[in-house]
Amino acid sequence: MASLVVAGVVTGVVAVAVEAVMTLGTGTGTAAASSAVPVTLGRATGGADLRPGGRGTVRLVATSSADAVVRLARLELDAARGDGGFSTDRPGCPGSAFGFSAQDRGGEGWRVPARSGGTDGSLAIALPGAVSMTSTAPDACQGATVTVHLRAGR
C-alpha cells in the first residue's frame with residue numbers, strides 16, 4: 001500500500017475576475033478587471049486506499065492571501081515536475097506507476113476563502129478516486145510515499 005503526499009505551489013497564478021456595473025444617466029456599462037493572485041497547494045497525506053490497479057483519494061489544502069474569494073476552476077497534474085508529475089521516496093518506483101485524473105468538481109471548481117483578520121484563507125480539498133496506481137507497479141512502490149505535483153488549471 002502506498003502513502004500519498006500532495007505537494008506543490010501553483011506554478012502560475014490564478015486570475016480573479018472582478019465585475020462592476022455602473023449606471024450613469026440613462027446608459028449602463030460593465031467593467032471587468034483581472035489581477036493575479038498567488039494560491040498555494042499545500043502538502044497533505046492520505047491515499048491509504050491506493051493499491052495496485054486501484055484508485056485513491058488525494059487530499060490537499062489550498063491557501064490564498066487574496067482579499068477576495070479565489071476560484072480554482074480545475075486541478076491537474078503538473079507533469080513538468082518530478083517524474084511525469086509524481087515523485088516517490090523509493091528507488092525503483094517510477095512516476096509512470098501512477099496516474100492522475102484532472103478534477104473540476106463537475107464544473108464547479110473550488111472557492112478558496114478570502115484572507116480575513118490577517119489570516120490567509122484556506123480550503124481543505126478531497127479528490128476521491130483522482131490518483132491511480134497501475135496494476136503492474138513495481139514491488140518497490142508498495143508502501144512508498146508518493147508526491148503528486150498539482151497545478152491550478154482553467
Side-chain angles (χ1 to χ4, degrees), residues 1-18 33-154:
M1 177 178 343
S3 296
L4 179 67
V5 176
V6 179
V9 174
V10 175
T11 55
V13 291
V14 178
V16 177
V18 179
S34 182
S35 60
V37 178
V39 174
T40 301
L41 300 179
R43 289 179 71 94
T45 59
D49 51 352
L50 185 61
R51 291 178 170 53
R55 303 191 76 77
T57 300
V58 174
R59 298 180 194 285
L60 65 142
V61 175
T63 306
S64 173
S65 58
D67 292 328
V69 172
V70 176
R71 181 175 181 269
L72 300 176
R74 176 180 167 98
L75 293 173
E76 55 193 36
L77 188 66
D78 186 352
R81 296 178 57 206
D83 179 7
F86 301 93
S87 301
T88 71
D89 65 341
R90 301 272 178 93
C93 181
S96 60
F98 303 94
F100 181 83
S101 299
Q103 304 287 302
D104 67 2
R105 248 183 85 196
E108 291 182 30
W110 299 266
R111 287 177 167 63
V112 182
R115 179 179 175 89
S116 176
T119 302
D120 288 349
S122 66
L123 178 68
I125 299 172
L127 308 172
V131 68
S132 60
M133 181 187 289
T134 65
S135 58
T136 58
D139 289 344
C141 294
Q142 299 302 307
T145 297
V146 181
T147 301
V148 180
H149 300 283
L150 299 177
R151 66 179 176 211
R154 296 176 187 221

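Computed from heavy atoms alone, side chains included, the values below leave out hydrogens, waters and symmetry copies. We're numbering straight along the sequence, starting at 1.
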Can you give me the closest heavy-atom contact between [X] and [Y], atom names plus distance?
X: A130; Y: V58; value: CB-CG2, 4.2 Å
X: G84; Y: L77; value: O-CD2, 3.3 Å
X: V39; Y: A62; value: CG1-CB, 4.4 Å
X: S87; Y: G82; value: OG-CA, 3.5 Å
X: V70; Y: S64; value: CG2-OG, 3.4 Å
X: A97; Y: P138; value: CB-CD, 4.2 Å

Non-hydrogen side-chain atoms of [X] and [Y] separated by less than 4.5 Å:
X: S101; Y: R55; value: yes
X: Q142; Y: P52; value: yes
X: E76; Y: R151; value: yes

Can you spot which of V146, T145, T147, D83 makes a side chain to side chain contact (heavy atoms under 4.5 Å, CB included) with T88?
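Single pass found, and it is V146.
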Calculate, to the nearest 0.5 Å, the distance between atoms [atom1] and [atom2] belonging to [X] and [Y] respectively.
X: I125; Y: T57; atom1: CD1; atom2: OG1; value: 13.5 Å
X: L150; Y: F100; atom1: CG; atom2: CZ; value: 4.5 Å
X: L72; Y: D104; atom1: CG; atom2: CG; value: 12.0 Å

Residues T134, F98; criterion side chain to side chain contact (heavy atoms under 4.5 Å, CB included); working and verdict:
CA-CA 6 Å; T134 65; F98 303 94; over 6 Å; no
